[in-house]
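Heads up: the structure comes next, in structure tokens.
Below, read A as the first sequence line, B as the second, and so on, with proteins coming before strands; counting in each chain starts at 1. What you are looking at is a predicted structure, and each value in this text was computed from that prediction instead of being measured.
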Protein chains: 2
Amino acid sequence: MAADDPRPLTLRDVSEASGVSEMTVSRVLRNRGDVSQATREKVLEAAKTLGYVPNKIAGALASSRVNLVAVIIPSLRNMVFPEVLSGVSAVLEETELQPVVGVTDYLPEKEERVLYEMLSWRPSGVIIAGLEHTDASRAMLKASGIPVVEIMDTDGTPIDCAVGISHRRAGREMARAILKQGYRRIGFMGTKMPLDHRARKRFEGFTEALAKEGIEVIDQEFYSGGSALAKGREMTKAMLEREPELDFLYYSNDMIAAGGLFELLAQGIDIPGQIGLAGFNGVELLDGLPRRLATMDACRAEIGRKAAEIIASRVDNPAVPVEKIVELTPKIDYGDTLKRR
Amino acid sequence: MAADDPRPLTLRDVSEASGVSEMTVSRVLRNRGDVSQATREKVLEAAKTLGYVPNKIAGALASSRVNLVAVIIPSLRNMVFPEVLSGVSAVLEETELQPVVGVTDYLPEKEERVLYEMLSWRPSGVIIAGLEHTDASRAMLKASGIPVVEIMDTDGTPIDCAVGISHRRAGREMARAILKQGYRRIGFMGTKMPLDHRARKRFEGFTEALAKEGIEVIDQEFYSGGSALAKGREMTKAMLEREPELDFLYYSNDMIAAGGLFELLAQGIDIPGQIGLAGFNGVELLDGLPRRLATMDACRAEIGRKAAEIIASRVDNPAVPVEKIVELTPKIDYGDTLKRR
DNA sequence: GTGAAAGCGCTAACAT
DNA sequence: ATGTTAGCGCTTTCAC
């Protein structure tokens, strides 16, 4: 413990120290209403020397305004989400609003708990990853009466509105690009699906577009846990042993794709001549790899920014009309591992 | 917006719907005091069908208890911090406490602002990265009267208590290990220092231990911004052009070290025979690299866990005595890039 | 086992 | 430009 006095300072303390009414002290501290320069200075002086920190709990209760935006994401260990957060923060920093992060570990029940906790603080808005939620979660969000933006995914029906990309379409487009380069014997590696709806949708779009050309994925493998880089490498090795004839490897994220890249390089395989590869996300982290991985930008920061803008505008004016779904369009980055010369 | 009714539900609504007094409803919802099974069920039923979510703002004001722990870190984009957070969350999940994250971007003034915001919510404790803070921040923390754990670093004087490693010592030990392997012409690459005290201390410890053996770093370079992997690669290339005689490269983090590794591999340099390298952190991310990088574990999750335990125990009982400084001891992981055969 | 009254620290609304 | 009053939605305390 650091202090002797167990009682935190209140407005009253500042009021007494400055000889100004509580109300006026409150006005000064919030920059609201007209206060004379002289009083303002007295108050600020007193607050500063006392070390007064306002009690937002009381303020929020009295004003029934809480300048918090709940941001609910599956994980912080996947760089995608911190990048979305950056976008959110960048926009909210221009406003009174503050993001508060909750992590669900991809578990629907945990999402429900986290959401309940967050809503009990009566935030001004919610930004939540994905369109899949428990019934209870959807009910809470609907009942909350605050703006809700579901992010990252647009393949589904939003509760309120959504900003993201279509992962099904992303999968389809990657499939088309791969076929166009003449690859035909394709393997897929990704995260275990039930947990990750967006990865699942990409895979579905991918296989669907292949099927349209009469092609099926030759081999597939799903992992969970562990270092993505190492897993990507292991899975690739195993898959090549099972299916030496593969000519393309599609990965559900860039990290495992990078692992695969290392394995192919170690085996001295010609990339992208003999085997091509592609990942997903466009994480800048990978800029310095020996080869530039083919990937697809998931528009992470942009999604965060747009979502925050929607919340901010609706907090200012709940009546503003908003598009139900804002679909951003990711582009394929061919890098050095997809385009055959 | 999702709902029609702009007024969120209150205890009174549940009270009326269930025909039980507000007080008893409150007791049921908090599992406090004796309530008959029959009443309890009535209340739970009513709360559920209404979709009542308690208002923690009001609850916190009335009880002057807030089960929030402020966790203040420089960034979420450096994997180190999400890993610390995992440790914190893991421990706090066993308690009533909840972590709330604030990000400072390594800026002391932003730290001050974030801290002020967080303290205004009257959290039960603070976990904050580093021992360097503005005077105002230190004053706020002292005046808060709540437990404060400064983490990641033990080279300095904590406000209340600290859990971390000595980065000076880490730097010294790496220097000794490098010298012991016979390396003598050493280069250093790292982040721009003023922003990152822990990297600075490692560098200081490093040069100090070299100096003791009459050795100086031959070349050094500092970067900021951009992809760490790419930067590591660029800096390494540039440094080798300036100083072809280098026989060891020490990096302030694993990400730039990995970039350096790629550059050395691309140049066909014998590692660790001709040139050795080492990074810092032990990020599991790097498990799948072509060579296992020498590094030093920063005990991230353990630091998070320990810090959370201290907060939790002090919230339960403010009187429990605590060590001022808990210093964990990182070990060198030699990998394949430091130990000459 | 249940209820009534008071008040947490602030701000909205209305004085002056 | 400043002060007064009431009350935000809960929990504490005390009564029954």
For a quick check of understanding: with a heavy-atom distance under 4.0 Å over all strands, which category does [X] fall into, base, sugar-phosphate or nothing?
| X | answer |
| --- | --- |
| B/Ser63 | sugar-phosphate |
| B/Asp34 | base |
| B/Arg122 | nothing |

Are [X] and [Y] close enough that some pair of their side-chain heavy atoms sits under 4.5 Å apart?
| X | Y | result |
| --- | --- | --- |
| B/Trp121 | B/Ile57 | yes |
| A/Val53 | B/Ser120 | yes |
| A/Val126 | A/Met118 | no |
| A/Ile310 | A/Pro147 | no |
| B/Pro54 | B/Leu29 | no |
| B/Val28 | B/Thr39 | no |
| B/Cys161 | B/Val149 | yes |
| A/Ser124 | A/Ile311 | no |

query = What pairs meet the salt bridge (charged side-chain N to carboxylate O under 4.0 Å, His left out) rule with one or both residues in residues 37-55 of chain B, with sequence neighbours excluded?
reply = none
inquiry  = Considering only residues two or more places apart or on different chains, which pairs with a residue in residues 12-29 of chain B satisfy salt bridge (charged side-chain N to carboxylate O under 4.0 Å, His left out)?
reply    = B/Arg7-B/Asp13, B/Arg12-B/Glu16, B/Arg12-B/Glu22
task = Please find the earliest and latest nucleotides of DNA chain C, in the 5' to 3' direction, that have an atom within less than 4.0 Å of any heavy atom of chain B.
result = C/dG1 to C/dG9
request  = Give a yes or no answer on whether the side chain of A/Ser75 reaches the backbone of A/Asp105 with a donor-acceptor pair at less than 3.5 Å.
outcome  = no
ask   = Is the shortest side-chain N to carboxylate O distance from A/Glu96 to A/Arg65 below 4.0 Å?
value = no
The helix from C/dG1-D/dC16 to C/dT16-D/dA1: angle between end helix axes, five pairs per end, rounded to 10 degrees = 30°
remark   = Min and max contacting nt of DNA chain D in 5' to 3' order, chain A heavy atoms within under 4.0 angstrom, are D/dA1 to D/dG9
query = Going through the distances and angles, do A/Glu323 and A/Lys306 end up as a salt bridge (Lys or Arg N to Asp or Glu O under 4.0 Å)?
reply = CA-CA 12 Å; A/Glu323 301 168 79; A/Lys306 199 88 192 76; 5.5 Å; no
query = Heavy atom of residues 12-31 of chain A under 4.0 Å from DNA chain C: which residues?
reply = A/Met23, A/Ser26, A/Arg30
